[in-house]
Amino acid sequence: MLALAAAGCGGGERPAVAPPAPPGTLGGVRLQSASCHHWNAAGDADKERAVRGLTEAVSGRTPRGEATTLAAADARRLLDNQCSAPYARHFLLYEIYIRAAGFKSLGAPPS
């Protein structure tokens, strides 16, 4: 009986569950190579993970100070808008994100 249970016999079959996407990927493609095509094909949960991954990838210290990142809602809106045009299908998400983050306001200059 133990051998049957170990072999998977004698019990009810469990439904197959897809493993979660690896971190740092979207549609099976690494975020550094993911394009608007992958963004448009992704579901909401995958898009949220992609935004988190992009934010983590560009955050931290640089030789010129702290790197700027986008709020998750702003990044989602940016990528939804930029990727909506048919000509943008090959635009890289990483490039869109870092260019927008580079223009993010860091606050008012000191007086």
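Positions are given from 1, in the same order as the sequence printed here. The basis for the numbers below is simple: all heavy atoms, side chains too, and nothing from hydrogens, waters or symmetry mates.
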Q) Excluding sequence neighbours, so at least two apart, what forms side-chain contact (heavy atoms from CB on, under 4.5 Å) with Tyr94? A) Leu54, Val58, Ile98

Q: Evaluate the side-chain proximity of Thr55 to Val51: yes if any heavy-atom separation is below 4.5 Å, no if none is.
A: yes

Q: Please name the pair of heavy atoms, one in Ala88 and one in Gln82, separated by the smallest distance, quoted to 0.1 Å.
A: CB-O, 3.3 Å

Q: Any pair with a residue in residues 49-83 that passes disulfide (SG to SG under 2.5 Å), sequence neighbours left out, goes on the list, sorted by first then second residue, please.
A: Cys36-Cys83

Q: Over all heavy atoms of both residues, which pair between Ala34 and Val29 is shortest? Give the atoms and the distance, please.
A: N-CG1, 3.8 Å

Q) When rounded to the nearest 0.5 angstrom, what distance separates CG in Leu92 from NE2 in His38? A) 10.0 Å

Q) Shortest non-hydrogen contact from Asp46 to Ala42? A) CB-CB, 4.0 Å

Q) Would you say the side chain of Leu26 lies within less than 4.5 Å of the side chain of Leu93, judging by non-hydrogen atoms? A) yes

Q. Looking at Leu78 and Ala100, what are the two nearest heavy atoms and their distance?
A. CD2-CB, 3.5 Å

Q. For residues 55-65, which residue pairs qualify under salt bridge (Lys or Arg N to Asp or Glu O under 4.0 Å), counting only residues two or more places apart or in two chains?
A. Arg61-Glu66

(Q) Suppose we screen for side-chain hydrogen bond (donor to acceptor under 3.5 Å, both in side chains). Which residues come up paired with Thr69, at least two apart in sequence or across chains? (A) none

Q: Verify, without hydrogens or angle tests, whether Asp74 (side chain) and Leu70 (backbone) share a donor-acceptor contact under 3.5 angstrom.
A: no

Q.
Tell me which pairs pass salt bridge (Lys or Arg N to Asp or Glu O under 4.0 Å) where either residue lies in residues 84-98, with sequence neighbours left out.
A. Glu95-Arg99

Q: Sequence neighbours left out, what passes side-chain hydrogen bond (donor to acceptor under 3.5 Å, both in side chains) with Asp80? Give chain and number order.
A: Trp39, Arg76

